[in-house]
Amino acid sequence: MDNEKRKALLSLPTPCYVIDEAALISNLEVLRRVEQESGCHVLLAQKAFSAYHVYPLIAKYISGTTASGLFEARLAHEEMGSRQIHVFSPAYKDEEFDELADICDHIVFNSFSQWKRFREKALSHNNVSFGLRINPEYSEIETRIYDPCAEGSRLGITVEGFEENELDGISGLHFHTMCEQGADTLARTLDAVEENFGKYLYNMKWINFGGGHHITREGYDVELLISCIKRIKEKYGLEVYIEPGEAVALNAGYLVCSVLDRTKNGMEIAVVDTSAACHMPDVLEMPYRPYIIGSGMPFELKYTYKLGAPTCLAGDIIGDYSFDEPLSIGDKLIFTDMAIYSMVKNNTFNGMPLPSIFLLDKNGQTQLLKKFGYEDFKSRL
Ligand SMILES: *Cc1c(COP(=O)(O)O)cnc(C)c1O
């Protein structure tokens with residue numbers, strides 16, 4: 001990270017998330033190239049990143065968004081209304097369906113029973129294209145909580161459960177079986193999709209390859225992605241959609257925190273004004289170790305600390321990190337890659353304040369987008 005950027009981040013009140021506009025733009029440029037060179041449509045999966053302040057920027061580069069239900073669809077409609085809105089939910093509710101159909105371009109059903117339940121209503125909305133989520137029963141995800149093809153999965157229709165005489169009104173198939181994976185995984189997944197569902201694809205208008213494509217990470221094989229898309233497009237005569245979440249805002253955000261206290265219990269401990277459980281829940285859920293600028297693995301650099309939150313949860317530990325200099329109260333630390341699955345997942349457990357949200361714009365200026373206070377805690381209870 002260059003010094004100017006670092007200085008700008010360290011000047012902010014903590015805790016705060018910071019969206020890095022320049023980094024976001026560089027991701028969006030890659031995604032736009034995928035659209036242009038493959039002829040597919042790229043949709044932001046809002047579940048990963050819903051910072052609607054930058055939706056107008058995102059709208060300049062990609063085709064639109066996808067939603068997990070009515071609220072995300074509404075957010076896209078209000079803040080990125082000029083682009084496509086797709087929605088997939090494991091189950092829709094009767095009372096929300098018409099509103100969804102008014103604002104969405106594509107609605108994907110998770111089962112034949114959902115499709116049959118809503119078919120009549122659905123077909124009265126002739127501005128919407130309807131699809132089904134399939135379960136190709138092939139995934140390379142090793143973390144069970146993220147594996148939609150795990151035994152007993154509720155997500156998608158298996159080949160055994162596919163009712164081929166109920167396809168009237170269905171224009172597309174959708175699968176989502178990847179997580180932080182490369183285009184080689186996509187290629188192998190497509191083999192499974194074609195083997196099990198290929199014969200239906202000839203009669204469809206579109207296919208959606210879901211998310212989990214780690215397109216903007218270093219070393220991702222963009223050319224292979226483009227060739228996979230083109231091959232499916234041409235073979236079956238389909239429009240192709242992909243709906244990455246992570247890849248849109250990968251490495252495009254930070255979480256800045258301050259050291260509040262230092263103690264010792266067998267090792268050096270630092271309490272910071274951020275929480276794994278509240279502000280970066282994937283650290284505990286996935287779990288993973290977020291990177292801190294200027295840090296090393298435990299004992300790699302001279303001073304090692306266990307970093308913990310000011311909550312009562314014993315396990316609210318971010319990890320053990322080493323630094324060249326000792327940490328002092330008031331020092332600020334910058335966690336990287338904190339735009340995705342952070343702001344959308346945070347919570348006020350233990351009465352933890354929510355971090356404010358800043359934009360670091362492409363000229364290096366910081367702007368406060370959102371500040372939260374006591375009322376945000378109280379109003380949800
Ligand atoms: C989570 C999800 C995505 C986005 O996944 P990423 O891993 O963030 O790219 C896309 N589509 C569906 C259906 C999802 O559930």
Side-chain angles (χ1 to χ4, degrees), residues 24 27-28 30-31 34-35 40-51 58 62-73 75-76 84-92 100 104-111 114 130-136 138-150 153-157 172-183 185-186 189 193 206-217 220 222 225 228-229 240-253 280-282 285-286 288 337-345:
L24 187 60
N27 288 345
L28 289 167
V30 175
L31 297 172
V34 170
E35 282 208 353
C40 81
H41 298 282
V42 179
L43 309 167
L44 160 70
Q46 295 178 89
K47 165 181 111 205
F49 181 72
S50 305
I58 294 172
I62 60 176
S63 291
T65 60
T66 187
S68 319
L70 183 57
F71 286 0
E72 286 183 359
L75 186 67
Q84 291 191 42
I85 303 172
H86 295 217
V87 65
F88 160 78
S89 171
Y92 299 105
L100 268 176
C104 294
D105 303 277
H106 283 205
I107 296 181
V108 176
F109 295 95
N110 187 52
S111 67
Q114 276 267 301
F130 299 99
L132 295 169
R133 177 165 174 172
I134 53 170
N135 174 356
Y138 179 87
S139 97
E140 300 181 8
I141 299 173
E142 277 157 20
T143 316
R144 202 183 149 87
I145 187 179
Y146 295 116
D147 183 4
C149 301
S153 171
R154 71 190 181 293
L155 300 168
I157 304 159
L173 296 182
H174 173 289
F175 67 88
H176 170 70
T177 57
M178 291 170 51
C179 180
E180 299 187 336
Q181 281 158 325
T185 299
L186 174 65
T189 304
V193 169
W206 52 266
I207 183 167
N208 186 324
F209 293 176
H213 314 277
H214 230 191
I215 304 167
T216 49
R217 79 154 178 237
Y220 181 92
V222 177
L225 171 66
C228 285
I229 294 168
V240 174
Y241 297 89
I242 58 173
E243 45 184 34
E246 285 214 29
V248 175
L250 190 66
N251 292 315
M280 42 183 133
D282 277 354
E285 250 176 55
M286 182 89 171
Y288 82 103
D337 198 19
M338 283 291 167
I340 48 175
Y341 293 105
S342 54
M343 294 168 249
V344 290
K345 288 188 91 169

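Note that ligands are numbered from 1 as they come in the structure, with each ligand's atoms numbered from 1 the same way.
- Once rounded to the nearest 0.5 Å, the distance linking CD1 of Ile340 with NZ of Lys47 reads 11.5 Å.
- In this pair, Phe88 and His174 present their aromatic rings parallel. The plane angle is below 30°, not in the 30 to 60° band.
- Closest to atom 8 (O) of ligand 1 among all protein heavy atoms lies Tyr341 OH, 2.7 Å.
- Each of the atoms 4 (C), 6 (P), 8 (O), 9 (O) of ligand 1 lies under 4.0 Å from some heavy atom of Gly245.
- No more than 12 heavy atoms of other residues, nucleotides or ligands shown are found within 6.0 angstrom of CZ on Phe71.
- Each of the atoms 3 (C), 4 (C), 10 (C), 11 (N), 12 (C), 13 (C) of ligand 1 lies under 4.0 Å from some heavy atom of Glu243.
- Residue Glu180 has no nitrogen or oxygen atom sitting less than 3.5 Å from a nitrogen or oxygen atom of ligand 1, judged on distance alone.
- The CD1 atom of Ile242 sits 8.5 Å away from the CG atom of Leu186 when rounded to the nearest 0.5 Å.
- Less than 6.0 angstrom separates the ring centroid of His106 from the ring centroid of Trp206.
- Between His213 and ligand 1, no pair of N/O atoms sits closer than 3.5 Å.
- Considering each of Ala45, Ser68, Gly212, the one bringing a non-hydrogen atom nearest atom 6 (P) of ligand 1 is Gly212.
- Listed by atom number, the atoms of ligand 1 under 4.0 Å from Lys47 heavy atoms are 1 (C), 2 (C), 3 (C), 14 (C), 15 (O).
- None of Tyr138, Phe209, Tyr241 except one satisfies the ring pair (Phe, Tyr, Trp, His ring centres under 6.0 Å) rule with Phe175; the exception is Phe209.
- Short contacts between ligand 1 and Pro244, defined as distances under 4.0 Å to a heavy atom of the residue, involve ligand atoms 9 (O).
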